[in-house]
**Student:** 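One structure follows; several queries about it will come next.
Chain letters run A, B, ... following the sequence lines, proteins first and then strands; every chain starts at 1.
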2 protein chains.
Amino acid sequence: MTTPAPMEQFRAYLSREGLRYTRQRRAIVEAFFGSGEHLPLAEIHALARTREPSIGFATVYRTMKLLVRSGLAVEQRFDEGQSRYEPVTERGHHDHLICVRCGRIVEFEDGVIEARQEAIAARHGFRMFSHRHEIYGECLEGCPEPSSER
Amino acid sequence: MTTPAPMEQFRAYLSREGLRYTRQRRAIVEAFFGSGEHLPLAEIHALARTREPSIGFATVYRTMKLLVRSGLAVEQRFDEGQSRYEPVTERGHHDHLICVRCGRIVEFEDGVIEARQEAIAARHGFRMFSHRHEIYGECLEGCPEPSSER
DNA sequence: CTCGTTGCAAACCTTTTGCAAGGAG
DNA sequence: CTCCTTGCAAAAGGTTTGCAACGAG
């Protein structure tokens, strides 16, 4: 259940930049787009290794940076040590609700909040570039105990 | 221009917990409450050293953790490597607007956003514990070039 | 063939921890 | 006196970088 489109975009980005489409990059990008979202780098590494066992984590870091630069992924830094990466889809921008117990991550989007942010920035003489908005709590219904996702 | 009240609260917290009020803790806490807000730990360390030159950074980390546990400070982790600490005042909760050019940090508070967050959490079956909301942009009027605060 | 890429290990940075010496109560 | 605290240095994470060997085009 791989998603073909982003792969093509990545190949296009690479050749446009004079960069190479290597076995490793293919393995990493396929693993990334073929799996769940909000993946920590370590998990992307593990997934990519099932395709190309010799991949080192430095290569994963480097490739994820390329994906971010190409606009196909965004880096997330929640309240934990590691970075997570999320594919950029046609859905566009959204923020996150995070269960501090089981680690579940739910996306949300709210036009009213977005609009007020702009107003707040303007009122303080700022031009807004981006924002991050995370709501931490616990999911009440069927919150499984702490998962490996955390 | 030191603020006396939080110092007393900290002493009370320490004795309540059977902990000790040492020269180092006094220097750190005075430096912290007597200065600007949103201080990175390295800066608190430098300030405390002007009073007690032998203070090591491990002591600053340990003391700031006590301040957070006692409810007198909150730890902030913006999009940078280090943590910053902010005194908890009677003003209560607020979020931040951050200039990515000069590092200026402005606080804001918006009841509408707060209310919508609660609604969003509830709609997704979450009980909200906390949130973080940062708006990144650039301040238009008199934005000094990159400061050491960054 | 060229020159970008990889894997490894070392370097980095911030934060944490172990421990013997120091000091508050 | 007791036991909490300190300073130092080492350990811990997570991320980045230098470099010789590798390999895509």
**Student:** Give the B/S/- string for nucleotides 19-25 of chain C, one per nucleotide from 5' to 3', where a protein heavy atom under 4.0 Å of the base yields B, of only the sugar-phosphate yields S, and otherwise -.
**Tutor:** ----BBS
**Student:** With sequence neighbours excluded, tell me which residues meet side chain to side chain donor-acceptor pair (under 3.5 Å) with E75(A).
**Tutor:**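 With sequence neighbours excluded, E75(A) shows a side chain to side chain donor-acceptor pair (under 3.5 Å) to R77(A), S83(A), given in chain and number order.
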**Student:** Mind checking which nucleotides bracket the chain B contacts on DNA chain D, 5' to 3', with an atom under 4.0 Å from a heavy atom?
**Tutor:**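 Endpoints of the contacted stretch of DNA chain D: dC3(D) to dC8(D).
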**Student:** Of L66(A) and A58(A), whose closest DNA chain C nucleotide lies nearer the 5' terminus?
**Tutor:**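 The residue mapped nearer the 5' terminus is L66(A).
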**Student:** Scan for side chain to side chain donor-acceptor pair (under 3.5 Å) pairs involving residues 111-125 of chain A, sequence neighbours excluded, and state none if there are none.
**Tutor:**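 Counting only pairs at least two positions apart or across chains, the side chain to side chain donor-acceptor pair (under 3.5 Å) contacts touching residues 111-125 of chain A are R116(A)-D110(B), Q117(A)-H131(A), Q117(A)-H133(B).
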**Student:** Go through the structure and list residues passing side-chain contact (heavy atoms from CB on, under 4.5 Å) with S70(B), not counting sequence neighbours.
**Tutor:** F10(B), Y13(B), L67(B), L72(B)
**Student:** Per the end-axis method with five pairs at each terminus, what is the bend angle of the helix from dC1(C)-dG25(D) to dG25(C)-dC1(D), to 10°?
**Tutor:** 30°
**Student:** Enter the distance from C139(A):SG to E141(A):CD here, rounded to the nearest 0.5 Å.
**Tutor:**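 It is 7.5 Å, given to the nearest 0.5 Å.
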**Student:** Would you be so kind as to tabulate the donor-acceptor pairs closer than 3.5 Å made by side chains of residues 59-66 of chain B, with sequence neighbours excluded?
**Tutor:**
{"from": "T63(B)", "atom 1": "OG1", "to": "T59(B)", "atom 2": "O", "distance (Å)": "2.9"}

**Student:** Send over the distance from H45(A) NE2 to dT6(C) P, rounded to a whole Å.
**Tutor:** 12 Å
**Student:** In chain order, what residues pass the side chain to side chain donor-acceptor pair (under 3.5 Å) check against T89(B), with sequence neighbours excluded?
**Tutor:** R91(B)
**Student:** Identify each atom pair where a protein N or O and an N or O of nucleotides 11-15 of chain C are less than 3.5 Å apart, giving names and distance.
**Tutor:**
{"from": "dT15(C)", "atom 1": "OP1", "to": "S83(B)", "atom 2": "N", "distance (Å)": "3.0"}
{"from": "dT15(C)", "atom 1": "OP1", "to": "S83(B)", "atom 2": "OG", "distance (Å)": "2.6"}
{"from": "dT15(C)", "atom 1": "OP2", "to": "Y61(B)", "atom 2": "OH", "distance (Å)": "2.2"}
{"from": "dT15(C)", "atom 1": "O5'", "to": "Y61(B)", "atom 2": "OH", "distance (Å)": "3.0"}

**Student:** Measuring from Y136(B):OH to L97(B):CG, what's the distance to the nearest 0.5 Å?
**Tutor:** 10.5 Å
**Student:** With sequence neighbours left out, write down each residue that passes side-chain contact (heavy atoms from CB on, under 4.5 Å) with E86(B), or none if nothing qualifies.
**Tutor:**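 H38(B), V74(B), Q76(B), H94(B), H96(B), E107(B).
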**Student:** To the nearest 0.5 Å, what is the distance between CD1 on I98(B) and CD on E134(B)?
**Tutor:**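 Going from the CD1 atom of I98(B) to the CD atom of E134(B) covers 5.0 Å.
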**Student:** With E52(A), which residues qualify under side-chain contact (heavy atoms from CB on, under 4.5 Å), at least two apart?
**Tutor:**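 E52(A) satisfies side-chain contact (heavy atoms from CB on, under 4.5 Å) with R23(A), A27(A), I55(A) only.
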**Student:** Not counting sequence neighbours, which residues clear side chain to side chain donor-acceptor pair (under 3.5 Å) with T22(A)? List them please.
**Tutor:**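 For T22(A) there are no side chain to side chain donor-acceptor pair (under 3.5 Å) partners, ignoring immediate neighbours.
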**Student:** Looking at NE2 of H45(B) and OG1 of T50(B), how far apart are the two atoms once the value is rounded to the nearest 0.5 Å?
**Tutor:** 11.0 Å
**Student:** Can you tell me how far the CD atom of Q9(A) sits from the CZ atom of R11(A), to the nearest 0.5 Å?
**Tutor:** 13.5 Å
